[in-house]
Student: 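Following this message is one structure expressed as structure tokens.
Source: prediction; values computed, not measured. Residue numbers start at 1 and run along the sequence shown. Atoms within each ligand, like the ligands themselves, are counted from 1 in listed order.
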Amino acid sequence: MTADPPVPPTRGNPAGSEARATEVKPAILTGDDEPGVSRAVARDLRRRYGKDHRIVRAESGMQALDALREMKLRGDPVAVLLADHRMPQMDGIQFLEKAMDIYPTARRVLLTAYADTDAAITAINVVDLDYYLLKPWDPPEEKFYPIIDLQLDSWKRTDHKTVAQTKLIGHRWSARSSEVKDFLARNQVPYVSYLSDEVEGGRLLTAAGVDDTRLPVVITTDGEVLVEPTDTELASKVGLNTTPAEDFYDIVVIGAGPAGLGAAVYGASEGLRTVLVERTATGGQAGQSSRIENYLGFPDGVSGAQLTERARRQALKFGAEMITTRDVVAVEVNGSARTVRFADGGSIDAHSVILATGVSYRQLSAPGLDELAGRGVYYGSALSEAPACANLDVYIVGGANSAGQAAVYFSRYARTVTMLVRGPSLAASMSYYLIRQIDTIDNIHVRTSTEIVCGHGVQHLEGLTLRNNVSGDEEKVETGMLFCFIGAAPRTDWLDGATVRDKNGFVVAGPDLVSDGQRPIDWPLDRDPYHLETSIPGVFVAGDVRADSVKRVASAVGEGAMAVTLVHRYLEKR
Ligand SMILES: Cc1cc2nc3c(=O)[nH]c(=O)nc-3n(C[C@H](O)[C@H](O)[C@H](O)COP(=O)(O)OP(=O)(O)OC[C@H]3O[C@@H](n4cnc5c(N)ncnc54)[C@H](O)[C@@H]3O)c2cc1C
């Protein structure tokens with residue numbers, strides 16, 4: 001098989017993907033087993049169409065089919081298929097029949113000898129043939145180009161547009177499919193998602209040569225097929241950095257939420273060698289917020305994903321390094337160095353560390369919900385599930401701003417959104433601007449003094465039993481979608497024995513470590529800890545994970561920046 005030089009693939013980069021989509025020329029594929037004829041067809045095609053099209057030549061039906069599958073996986077457009085009728089093993093009609101499953105809108109032309117016109121006419125019905133072309137076709141200006149022009153014109157009028165994007169084929173109620181969608185969305189990797197029982201989903205699985213028993217299947221922009229990929233595998237294939245470039249840094253920032261991003265921007269911009277380590281996706285909780293209305297400088301609000309994506313680019317611009325899908329499990333003191341260890345055994349050293357690991361949502365304890373997580377029960381915003389809520393009755397648990405924002409967001413998709421709030425009103429837990437906004441949206445209902453007793457469903461969520469905690473009345477409601485925002489906890493067990501934490505696991509810092517003039521027990525210096533410094537000198541904490549911090553984007557960003565100033569002071573006075 002031969003083709004014009006392939007266009008270099010781009011991975012996981014929105015701008016790159018768009019660029020590639022406009023660059024990739026639609027293909028005209030010709031399949032003929034006689035090398036002389038095959039070369040002649042390709043030569044004539046190239047002469048007239050080579051500038052705007054990619055001419056792909058195959059010398060058997062199987063080879064042509066392989067070429068098509070590869071192009072399908074990459075998302076390349078294919079305009080015309082020209083197949084010789086009499087090819088051994090797989091004749092032209094059989095090839096076109098299979099090709100129809102992969103590229104249904106490509107125009108199908110059969111090359112046939114005069115003696116085979118009856119077969120060609122039969123093929124019109126079998127493969128919905130667009131044209132049969134008699135060999136020889138000299139002069140091409142008269143007998144060949146007008147036919148191909150016609151096919152190209154017709155193809156341009158069809159809905160054939162493909163954009164080179166990562167493709168995900170999953171199952172509606174598969175928790176891992178939902179996680180992978182969320183991972184791609186939160187990491188700003190453009191993707192299209194298909195269900196395995198949809199026509200296009202089936203076509204992609206066929207092209208990838210896999211079945212639907214192991215989902216999700218992810219197809220990267222350069223056509224690589226990943227079956228049930230892990231986050232780390234995905235990250236490396238879609239262009240996210242997973243390995244640090246250096247062994248030693250000035251600062252390791254752990255967690256890429258607003259606090260970590262703030263620290264990375266200020267650290268790198270002030271010339272410190274800075275690496276930001278993130279377990280899942282840049283943005284942290286803020287990245288999951290559909291609209292942040294109270295962040296300084298954005299009077300019309302800004303989506304959390306937009307805000308944190310800008311911060312990510314800003315940090316990269318200043319030279320910060322970012323690595324994802326690395327879970328930090330220990331911080332150790334090694335002389336003047338601080339060692340950060342990863343769950344997979346790797347480690348990096350630095351002069352200082354900033355802990356910015358934020359908080360995660362608590363799981364609901366009601367029976368029947370645990371096993372349905374990711375299959376109708378979602379924690380945090382799961383914004384990528386919004387299209388799947390179209391015309392459904394959606395339930396949201398929680399009464400804080402995050403729950404309110406989610407209700408407003410999902411109300412644009414769902415038939416109704418019901419907020420389940422344990423307290424008697426929203427006033428105690430939600431900002432006034434959001435309460436007013438919710439009041440104006442007709443399809444949002446707020447049920448106060450309400451708790452979930454249990455969830456129902458086997459394969460996926462089907463309903464909930466609710467209880468009014470004043471009257472004790474119970475009611476069963478039908479729903480397939482529950483989003484939970486019920487308070488958050490710092491996941492800091494891994495710091496046990498390393499730094500001082502309060503009874504809820506939040507990291508204690510600065511003056512709070514000194515009580516009655518006494519510094520922490522193992523504190524080795526003859527000065528008090530700096531303001532955001534933990535009980536390990538040179539290890540600082542910023543954002544939601546800090547004990548008594550204000551749980552807001554602005555304060556997290558501010559603390560991230562301030563921690564960098566304190567790192568400078570620490571480095572100067574060591
Ligand atoms: C849906 C929603 C809406 C919100 N809306 C608003 C709003 O409108 N206005 C407002 O001011 N605030 C809002 N908040 C709160 C705000 O987002 C948080 O206060 C802010 O994100 C805290 O930032 P942070 O960097 O401290 O932590 P986080 O945002 O929690 O980020 C911590 C990061 O650390 C990573 N991490 C954790 N442990 C590890 C580890 N061991 N190794 C590696 N990485 C790790 C996590 O994966 C995460 O990405 C909202 C929160 C949510 C969830």
Side-chain angles (χ1 to χ4, degrees), residues 182-183 186-187 231 242 252-264 275-296 298 301-305 307-308 311-312 322-331 340-344 346 348 353-362 378-383 396 398 400-410 430-431 433-434 437 483-495 498 505-507 532 541-546 549-561 563:
D182 201 45
F183 177 82
R186 288 177 58 192
N187 276 298
D231 284 358
T242 55
V252 180
V253 182
I254 308 171
L261 286 164
V275 62
L276 181 57
V277 183
E278 167 56 45
R279 170 199 279 165
T280 321
T282 311
Q285 297 168 71
Q288 298 173 63
S289 163
S290 49
R291 187 144 286 267
I292 297 170
E293 307 256 10
N294 56 0
Y295 188 65
L296 191 74
F298 290 89
V302 58
S303 87
L307 183 71
T308 55
R312 188 187 72 87
M322 298 204 179
I323 54 178
T324 44
T325 63
R326 301 302 288 269
D327 198 359
V328 174
V329 291
V331 175
V340 168
R341 296 205 179 279
F342 301 130
D344 58 11
I348 31 177
V353 172
I354 297 177
L355 300 171
T357 52
V359 294
S360 320
Y361 276 94
R362 288 208 183 90
Y378 302 94
Y379 289 89
S381 228
L383 298 180
I396 290 179
N401 280 4
S402 49
Q405 281 177 12
V408 172
Y409 184 73
F410 285 115
M430 194 178 287
S431 296
Y433 80 87
L434 210 46
Q437 205 174 339
F483 296 90
C484 311
F485 300 83
I486 50 154
R491 309 281 176 215
T492 53
D493 297 352
W494 58 277
L495 285 169
F506 290 94
V507 178
L532 298 176
V541 61
D544 280 14
V545 68
R546 187 175 68 79
S549 61
V550 178
K551 309 294 186 258
R552 286 278 182 268
V553 175
S555 47
V557 172
E559 288 191 11

Student: On a heavy-atom basis, which atom in I396 and which in A406 lie closest, and how many Å separate them?
Tutor: CD1-C, 3.7 Å
Student: Measure the distances from the heavy atoms of W494 to every atom of ligand 1 and state whether one is below 4.0 angstrom.
Tutor: yes
Student: Does ligand 1 have an atom under 4.0 Å from some heavy atom of V545?
Tutor: no
Student: Geometry only, no angles: is D544 polar-contacting ligand 1 at N/O separations under 3.5 Å?
Tutor: yes
Student: Closer than 4.0 Å to some heavy atom of Y361 - which atoms of ligand 1 meet that?
Tutor: 52 (C), 53 (C)
Student: Quick one: CZ on R186 to OG1 on T324, what's the gap to the nearest 0.5 Å?
Tutor: 11.5 Å
Student: Can I254 be said to touch ligand 1, with heavy atoms closer than 4.0 Å?
Tutor: yes
Student: Enumerate the atoms of ligand 1 whose separation from the nearest heavy atom of G284 is less than 4.0 angstrom.
Tutor: 29 (O), 31 (O), 48 (C), 49 (O)
Student: Of the listed options (G257, A542, A343, P258), which comes nearest to atom 21 (O) of ligand 1 when hydrogens are ignored and any heavy atom counts?
Tutor: P258
Student: Any idea which atoms of ligand 1 are less than 4.0 Å away from a heavy-atom of V359?
Tutor: 30 (O)
Student: Out of D327, L261, V553, whose heavy atom sits nearest atom 40 (C) of ligand 1?
Tutor: D327
Student: So do V328 and F342 actually touch side chain to side chain, heavy atoms under 4.5 Å?
Tutor: yes
Student: Looking at every heavy atom in both P258 and A556, which two are closest together, and how far apart are they?
Tutor: CB-CB, 4.0 Å
Student: Mind checking whether Q285 has an N or O less than 3.5 Å away from an N or O of ligand 1?
Tutor: yes
Student: Are V331 and V252 close enough that some pair of their side-chain heavy atoms sits under 4.5 Å apart?
Tutor: no
Student: Can you tell which part of V329 has a heavy atom less than 4.0 Å from ligand 1: side chain, backbone, both or neither?
Tutor: neither
Student: Nearest to atom 6 (C) of ligand 1 by heavy atom, Q288, E559, Q405: which?
Tutor: Q405
Student: With a 4.5 Å limit on heavy-atom distance, are the side chains of F506 and T492 in contact?
Tutor: no
Student: Under 4.5 Å between any side-chain heavy atoms of R291 and V408, yes or no?
Tutor: no
Student: Using a strict cut-off of 4.0 Å, indicate which atoms of ligand 1 neighbour a heavy atom of R552.
Tutor: 10 (C), 11 (O), 12 (N), 19 (O)
Student: Please find the pair of heavy atoms, one from L276 and one from A256, that lie closest to each other, and give the distance.
Tutor: CD2-CB, 3.8 Å
Student: Using 0.5 Å steps for rounding, measure from the OG1 atom of T357 to the CD atom of E278.
Tutor: 10.0 Å
Student: Between T325, T357, V331, which one has a non-hydrogen atom sitting closest to atom 36 (N) of ligand 1?
Tutor: T357
Student: Polar-atom distance check: G543 versus ligand 1, any N or O pair below 3.5 Å?
Tutor: no
Student: In ligand 1, which numbered atoms sit nearer than 4.0 Å to a non-hydrogen atom of N294?
Tutor: 7 (C), 8 (O), 9 (N), 10 (C), 11 (O)
Student: Measure the spacing between CD of Q405 and CD of Q437 and express it to the nearest 0.5 Å.
Tutor: 9.0 Å
Student: Atom CZ in R546, atom NZ in K551: separation rounded to 0.5 Å?
Tutor: 8.0 Å
Student: Taking only heavy atoms of A281 into account, list the atoms of ligand 1 that are under 4.0 Å away from them.
Tutor: 49 (O)
Student: When you compare the side chain of I292 with that of F298, does any pair of heavy atoms fall below 4.5 Å?
Tutor: no
Student: Counting each atom of ligand 1 from 1 as listed, which ones have a heavy atom of I292 under 4.0 Å away?
Tutor: 7 (C), 8 (O), 9 (N)
Student: State the atoms of ligand 1, each with its element, that fall below the 4.0 Å cut-off from a heavy-atom position in A356.
Tutor: 32 (C), 33 (C), 34 (O)
Student: If the contact criterion is a heavy-atom separation under 4.0 Å, does R491 count as touching ligand 1?
Tutor: no
